[in-house]
Protein chains: 4
Amino acid sequence: MEFRIEPSSRVPIYRQLADQIRGAIATGQLAWDERLPSVRELSRTLVVNPNTIARVYLELEREGILNTRPGLGVFVARPHHELTKRARRDRLTRRVDGLLTEAVHLGFTSAEVAELLAERATRFQWEQSGP
Amino acid sequence: MEFRIEPSSRVPIYRQLADQIRGAIATGQLAWDERLPSVRELSRTLVVNPNTIARVYLELEREGILNTRPGLGVFVARPHHELTKRARRDRLTRRVDGLLTEAVHLGFTSAEVAELLAERATRFQWEQSGP
Amino acid sequence: MEFRIEPSSRVPIYRQLADQIRGAIATGQLAWDERLPSVRELSRTLVVNPNTIARVYLELEREGILNTRPGLGVFVARPHHELTKRARRDRLTRRVDGLLTEAVHLGFTSAEVAELLAERATRFQWEQSGP
Amino acid sequence: MEFRIEPSSRVPIYRQLADQIRGAIATGQLAWDERLPSVRELSRTLVVNPNTIARVYLELEREGILNTRPGLGVFVARPHHELTKRARRDRLTRRVDGLLTEAVHLGFTSAEVAELLAERATRFQWEQSGP
DNA sequence: GTGGTCTAGACCACC
DNA sequence: GTGGTCTAGACCACG
């Protein structure tokens with residue numbers, strides 16, 4: 001698993017990295033219990049301050065999607081959905097509305113957005129809708 | 001048309017307001033050529049510094065969705081899509097991927113996301129796909 | 001690279017500076033990835049408020065010709081042309097017509113304008129017309 | 001001769017109109033000694049404050065390209081080039097450099113700029129380079 | 001150290 | 001009245 005930082009972006013490095021790790025887990029490129037590179041190792045690879053890497057790992061651990069085992073390293077945890085259904089839906093709705101707003105301004109039709117979403121969705125790993 | 005600011009949010013005021021205005025235009029709550037509140041008026045209403053309002057209006061004007069007529073006020077412009085198809089699609093794809101990543105972490109299925117998108121999309125004003 | 005501000009000019013400081021930076025990049029005096037003076041440094045050098053400098057950098061970043069790496073500084077970005085061919089040509093045509101109007105009023109002949117343009121053009125760095 | 005105002009432009013109305021009149025004279029659409037619409041007439045046509053029209057006429061009269069004959073109206077005067085050759089060339093050079101800077105950023109080649117200039121120049125009325 | 005955000009208040013241009 | 005520009009100075013995020 002390789003991470004890349006785009007310094008030319010306005011997005012802070014720590015958030016770029018956090019988003020990539022979240023995305024990698026969401027798409028299955030990083031499996032549960034898989035070990036992530038150490039802080040020092042990733043710091044050297046990305047030419048980024050070690051503090052920045054440590055901060056990202058800490059933040060993701062607080063979110064419950066990473067797990068530090070002292071002396072062993074940092075591992076992918078199975079995300080447990082702690083929020084209420086209502087809270088989770090609200091959060092997603094806000095994000096959907098932001099997407100739709102930008103889509104309108106970019107001149108897309110609603111069908112084009114739905115199509116693009118369906119296409120990209122195939123790259124992600126979804127939970128099974130239980131029997 | 002009413003705007004609301006959440007000062008306790010970590011999102012900067014200017015971005016909260018900009019997002020609301022973009023959204024209001026995309027959903028048709030603000031029509032083309034409609035006049036927005038003056039800088040000073042909105043500044044009083046929201047209890048926000050006039051410079052912050054002016055900054056939002058300037059940013060949206062540079063994006064081409066507002067236009068200023070000095071001495072008269074600020075108005076909603078019809079967006080003209082100056083960006084290349086490639087640039088517009090890239091921008092939307094980035095946003096879609098962000099949405100899908102969050103959806104996975106929140107424990108939604110891909111069908112649920114598609115459904116939510118379809119539902120919210122009805123609130124927006126889309127371009128006609130010309131005959 | 002040195003910048004100069006003419007405070008007595010009717011042209012706003014922020015635009016004087018923005019024009020100089022755009023020009024410096026177009027002529028190659030500022031190279032891609034080159035670092036610009038920090039906001040505070042340039043503020044001291046030009047005896048101009050830091051906010052004014054920051055505003056210029058922000059504007060040029062939105063135009064895509066600068067990019068900011070928080071904590072590191074501001075750098076020259078390689079411009080990527082996101083605009084459609086139509087939009088770019090319209091913009092240039094408007095500028096050409098303005099130039100020609102002024103040239104006529106100043107009493108130049110069209111040959112003189114073409115000659116001056118050719119002469120000045122040698123100072124700028126042009127894209128290669130692909131093979 | 002018809003004038004048009006673009007309120008969606010950031011350019012002040014008075015300057016839009018002044019530029020159009022200068023341009024119309026430069027291209028020969030307005031001939032020497034031709035009468036312009038009265039302040040009130042143009043004010044009604046463009047739906048613009050009469051003060052704004054009056055201001056434009058006054059400014060152009062100061063530049064020496066219009067001529068007011070009380071009781072009769074406003075007429076096109078023959079522009080007399082009062083500036084020194086050096087001053088006129090400096091002014092044009094600044095404008096040419098601005099054009100070239102924008103052209104580079106828009107991704108044009110120098111040949112394309114020269115071609116566009118030549119094409120647009122045919123619409124303007126140039127002084128004869130008299131023997 | 002770097003830039004980002006916000007406030008307060010001044011003065012000017014435009015209508 | 002409107003917005004545009006600039007200054008001064010505070011506090012925060014980022015590396």
Side-chain angles (χ1 to χ4, degrees), chain A residues 5 7 9-17 43 46-56 59, chain B residues 5 7 9-18 35-43 46-59 61 66-75, chain C residues 5 7 9-18 35-43 46-59 61 66-75, chain D residues 5 7 10-18 43 46-56 59:
Chain A
I5 291 304
S9 162
R10 308 250 8 263
V11 179
I13 291 175
Y14 85 97
R15 201 181 311 169
Q16 289 186 48
L17 182 55
S43 156
L46 300 179
V47 196
V48 157
N49 192 302
N51 290 334
T52 305
I53 310 290
R55 171 178 180 176
V56 170
E59 178 169 330
Chain B
I5 289 304
S9 160
R10 306 230 7 258
V11 180
I13 292 176
Y14 85 96
R15 204 178 310 168
Q16 290 185 46
L17 181 55
R35 188 176 175 278
L36 279 87
S38 79
V39 169
R40 289 168 168 90
E41 182 186 343
L42 196 49
S43 156
L46 301 179
V47 195
V48 158
N49 189 292
N51 285 336
T52 304
I53 310 290
R55 172 180 179 175
V56 171
Y57 282 179
L58 179 64
E59 175 167 336
E61 178 159 16
L66 291 186
N67 66 58
T68 296
R69 310 180 201 173
L72 293 179
V74 176
F75 299 79
Chain C
I5 290 304
S9 160
R10 305 232 4 261
V11 180
I13 292 175
Y14 85 95
R15 203 179 308 171
Q16 290 185 46
L17 181 56
R35 186 175 177 280
L36 279 86
S38 79
V39 169
R40 290 167 168 91
E41 183 186 342
L42 196 49
S43 155
L46 300 178
V47 195
V48 159
N49 189 293
N51 285 335
T52 304
I53 311 290
R55 173 179 180 175
V56 170
Y57 282 178
L58 179 63
E59 175 166 337
E61 179 160 15
L66 292 187
N67 66 58
T68 296
R69 309 180 202 173
L72 293 180
V74 176
F75 299 79
Chain D
I5 290 304
R10 307 248 9 262
V11 180
I13 291 176
Y14 85 96
R15 201 181 312 169
Q16 288 186 46
L17 182 56
S43 156
L46 300 179
V47 194
V48 158
N49 192 303
N51 290 334
T52 305
I53 310 290
R55 173 180 177 172
V56 171
E59 177 169 331

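Here is how names work: the chains are called A, B, and so on, in the same order as the sequence lines, proteins then strands, and each is numbered from 1.
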Exercise for the section: Scan D/R55 against the nucleic acid and name what it touches under 4.0 Å (heavy atoms): base, sugar-phosphate only, or nothing. Expected result: sugar-phosphate
Fill in the blank from the handout: In short, B/L58 meets C/R55 closest at the heavy-atom pair CD2-NH2, 4.0 Å
Problem - Approximate separation, where rounding is to 0.5 Å, of B/T68 OG1 and B/Y57 OH - result: 9.0 Å
Handout entry: Taking every non-hydrogen atom, the tightest pair across B/F75 and B/L36
Key = C-CD1, 4.1 Å
Practice task
For A/T52 and for B/R35, locate the closest nucleotide of DNA chain F by heavy-atom distance; then report the residue assigned to the nucleotide nearer the 5' terminus.
Solution key: B/R35
Practice task
Could you tell me whether D/N51 contacts a base, only the sugar-phosphate backbone, or nothing, with contacts defined as non-hydrogen atoms closer than 4.0 Å?
Solution key: nothing
Practice task
Specify the residue among C/V11 and B/L36 whose closest nucleotide of DNA chain F lies further upstream toward the 5′ end.
Solution key: B/L36
Handout entry: Residue that, paired with B/L42, satisfies side-chain contact (heavy atoms from CB on, under 4.5 Å) out of B/V74, B/V48, B/L17
Key = B/L17
Exercise for the section: Could you check whether D/V48 gets within reach of a base, just the sugar-phosphate, or nothing at all, counting any heavy atom under 4.0 Å? Expected result: nothing
Exercise for the section: Remember a base hit wins even if backbone is also touched, and classify C/Y57 as base, sugar-phosphate or nothing at under 4.0 Å, heavy atoms. Expected result: nothing
Practice task
For B/P50 and for C/A54, locate the closest nucleotide of DNA chain E by heavy-atom distance; then report the residue assigned to the nucleotide nearer the 5' terminus.
Solution key: C/A54
Problem - Closest non-hydrogen atom pair, C/S38 against C/R35 - result: CB-NH2, 4.1 Å
Completion exercise
With a 4.0 Å cut-off (strictly under) to non-hydrogen atoms of chain B, the first and last hit nts on DNA chain F, 5' to 3', are F/dG1 to F/dC6
Fill in the blank from the handout: Note: C/V56 and C/Y14 closest approach over all heavy atoms is CG2-O, 3.3 Å
Fill in the blank from the handout: The dot-bracket string of DNA chain E, counting Watson-Crick and G-U wobble pairs with both distances under 3.5 Å, using [ ] for crossing pairs and | for pairs to another strand, is ||||||||||||||.
Exercise for the section: Select base, sugar-phosphate, or nothing to describe what D/I13 touches, counting heavy atoms under 4.0 Å on all strands. Expected result: sugar-phosphate
Fill in the blank from the handout: Separation between CZ (C/R40) and CD1 (C/I53), nearest 0.5 Å, reads 12.5 Å
Problem - Any B/I13 side-chain heavy atom under 4.5 Å of B/L46 side chain - result: no
